[in-house]
2 protein chains.
Amino acid sequence: MAAPNSGRYARRTATLRDVAALAGVSVATASKALNGRDQVHPETRERVIEAAIKISFRPNPMAQSLIGGRTGTVGLLTNDLVGRFSLPILMGAEDAFGAGRLSVFLSDARGDAIREQHHVQAFLDRRVDGFIVVGSDTDPRPSLGHDLPVPVVYAYGPSEDPTDSSIVPDNVSAGELAAEHMLATGRRRIALVSGDRTFLAARDRTEGVVAALAAAGTELVAPVMYGSWSEGWGRTATRALLERVPEVDGIICASDQIARGSLDALRELGVPVPERVGVLGFDNWEAVVADSRPPLTSIDMNFEALGRLAAQRLVAAMSGERFSGVEKRPVRLVARASTARV
Amino acid sequence: MAAPNSGRYARRTATLRDVAALAGVSVATASKALNGRDQVHPETRERVIEAAIKISFRPNPMAQSLIGGRTGTVGLLTNDLVGRFSLPILMGAEDAFGAGRLSVFLSDARGDAIREQHHVQAFLDRRVDGFIVVGSDTDPRPSLGHDLPVPVVYAYGPSEDPTDSSIVPDNVSAGELAAEHMLATGRRRIALVSGDRTFLAARDRTEGVVAALAAAGTELVAPVMYGSWSEGWGRTATRALLERVPEVDGIICASDQIARGSLDALRELGVPVPERVGVLGFDNWEAVVADSRPPLTSIDMNFEALGRLAAQRLVAAMSGERFSGVEKRPVRLVARASTARV
DNA sequence: AAACGAACCGAAAAGGTTTTCTGCGATCGT
DNA sequence: ACGATCGCAGAAAACCTTTTCGGTTCGTTT
């Protein structure tokens, strides 16, 4: 049980004036000394720096931004309740910013447009220097508009407005990668169990798969099966598939969860994986992929790299360059036992 | 492909001076009018407010904090790579702060102590008014120390230092809840498949289970089985268990993933769930729980509530009250088909 | 010796807001 | 009618840092 005590946290943090006094110079000189400006004698600079260290002086960023007009903060607006996507993206962004002097304000709009509007305003009130908006899926989303005083980069879910700058994973090439891998591991009768057809990601991945097969002079062994993103769908679809096309030897599933369901169904039907059928998923979601039987080959969307790039684009935009358009980023395949060549 | 354009984002935001000018008063009066101070004529106040709205004035928080000494920001430091825990906690905290005027800086230390130290310093440089530290598990972690100028609240993973303030889920009562639910659904021969015994969470949950059974005049039908937190362990443990104690009619698993493995094993052994054996997990991890067969009863750790409370404690601490000790918060059981009474 | 330039330092303004204190006109009490 | 009080508005200081610009002290040049 917690017990409220009395307690003070007063502790005036050292100011530049203190440093100056200790070093026996004016604040102006102290400032110049610490900021590497010239016009200050090396010896004096040394004295100032020592003084600063001694009283562990840290410049007050409020005072700095008051002058400079920039706060060194960016707002990261997510809509991803589960955190599957936004957290790695955030980490990538933080990485890219971290080296520089930028800090990240985070808030979650929970997919609600008016809450989002509210958070945008809150960030603007805080005078952030820019925004990163993370969507909950890869479908285009409404733009925040162009009347914002700072640049915006959309990550994962692109803006509907093509003059905005968006960074998304390349789902078409992800589909290609999947199909090529199936072919490369010696399979020829390949089926595709997709997700919810209303999602662009589902359609893009399908497009990639179909294209890659065509390029290799073949095609899907059965019509694309659309459904939901769940394990349950993976199971039903797989059962139906094996009934209709028993000779199938490769199943590409549009998500790890679908693949997981597919694996379960195959096991129950006594179909050995990867010997008779190879299975492959998308997202490389550690929790789903690692524990599946056998471990699942999956396409990793490189979220962290996505975040890093979004951060870089934002930084560039903040210093004048403006980017526009949807930038599609490469993904990578992580091979595991479920598609091992036999 | 993105194409860099030229582009400017200049746009001087309105200042209080502008408002004052427009309303024909001094900045002092304008300030008082907007902040609800008295000493200003109602009519004047009205004029000022209208002016402020007209040019959509927003006070500059840098200027405000320069005076007030508080920035209205808190630092949230996570260590949870997966985001399973920290994101809901963050959302709860944001909720609790949101109404007030607090914004959240987020950063991830990735479980690395020196990176953490670095982020703490960065937050202090930003003059945050407080910290929330989110652990990666419920084991006590090193304190950030007491020489910080602002209060700290530890969430999920408590501080080793009992004079710090920590908020954690009550894993003992979680264990009790699990056992009681098993009993309440008519099972008597109950086993416990736990996780990694080096985790406090595993031991606490065990303690609760054992205590609740004892209170009901019974005990575990087999010694606690410790292993890892994975599905694989859930499967092996369950198989071993059924071999040694075929009459078991309830399996409490210390995590959803273990439970998931257990369900798989049972299905493969042809043991009907929930008819012959009930299965229960911990964490209520949507992705794992929803798609399992049958849907898994689980103990929800109430992360969001944890985050909210942490935020409240922090706010209280920031205004002088000081809390100390580890505060254990109630959890709740979410009943699903895997433990349905037969 | 006078003038000049270089090197270095400090005073002051600026950035936007809040708060205190002073000032002023009007109202009140007697 | 006079001082006291009240209601309201504005001037100025304070918060902390950066930057510009003027000033001082040297050493150097003619």
Side-chain angles (χ1 to χ4, degrees), chain A residues 10-52 55-73 101 124-129 149, chain B residues 10-52 55-73 101 124-129 149:
Chain A
R11 148 107 109 276
R12 224 181 56 77
T13 66
T15 140
L16 188 58
R17 193 210 301 282
D18 303 330
V19 176
L22 184 55
V25 297
S26 72
V27 283
T29 309
S31 173
K32 283 181 286 196
L34 294 176
N35 292 320
R37 294 267 164 291
D38 48 2
Q39 302 284 46
V40 37
H41 194 91
E43 207 172 81
T44 312
R45 186 189 305 279
E46 191 55 38
R47 255 193 1 261
V48 172
I49 292 180
E50 268 172 24
I55 62 179
S56 56
F57 164 77
R58 293 300 181 142
N60 184 322
M62 311 303 142
Q64 288 177 315
S65 14
L66 209 47
I67 296 181
R70 345 191 77 192
T71 56
T73 62
R101 306 248 58 78
L124 287 177
D125 289 353
R126 285 257 172 231
R127 305 293 198 268
V128 296
D129 294 333
Chain B
R11 149 108 107 276
R12 224 181 56 76
T13 65
T15 136
L16 187 57
R17 192 209 302 282
D18 303 331
V19 176
L22 184 55
V25 298
S26 72
V27 282
T29 309
S31 173
K32 285 181 285 196
L34 294 176
N35 292 319
R37 294 268 164 290
D38 47 4
Q39 302 282 49
V40 38
H41 194 90
E43 209 172 80
T44 313
R45 186 189 306 276
E46 191 56 38
R47 261 201 347 270
V48 172
I49 291 179
E50 269 172 24
I55 62 180
S56 57
F57 163 77
R58 292 298 180 141
N60 184 322
M62 310 305 142
Q64 289 177 313
S65 6
L66 210 48
I67 296 181
R70 345 190 76 194
T71 56
T73 62
R101 309 248 55 79
L124 287 177
D125 289 353
R126 285 257 172 232
R127 306 292 198 267
V128 297
D129 294 334

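Letters A, B, ... mirror the listed sequences (proteins, then strands); counts begin at 1.
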Ignoring hydrogens, what is the shortest heavy-atom contact between [X] and [Y]? Give both atom names and the distance.
X       : Y        : value
B:Thr44 : B:Val25  : CG2-CG1, 3.7 Å
B:Arg45 : B:Lys32  : NH1-O, 3.6 Å
A:Ala14 : A:Ile55  : CB-O, 3.6 Å
A:Arg58 : B:Arg127 : O-NH2, 2.7 Å

Would you check if A:Leu124 and A:Pro149 make a side-chain contact, meaning some heavy-atom pair closer than 4.5 Å?
yes
I need a per-nucleotide contact map over nucleotides 8-22 of chain C, read 5' to 3'. Cutoff is protein heavy atoms under 4.0 Å; write B for the base, S for backbone only, - otherwise.
BBBBB-BBBBBB---
Donor-acceptor contact below 3.5 Å, side chain B:Thr71 vs main chain B:Ser65
no
By side chain to side chain donor-acceptor pair (under 3.5 Å), A:Thr15 pairs with (sequence neighbours left out) none
For the pair made of CG in A:Asp38 and C1' in D:dT20, what is the distance, rounded to whole Å?
13 Å
What integer distance in Å separates A:Asp18:CG from D:dC15:C1'?
13 Å
Rounded to 10 degrees, the angle between the two terminal axes of the helix from C:dA1-D:dT30 to C:dT30-D:dA1, each from five pairs:
60°
Nearest 0.5 angstrom please: A:Arg101 CZ to A:Thr73 OG1, how far?
13.5 Å
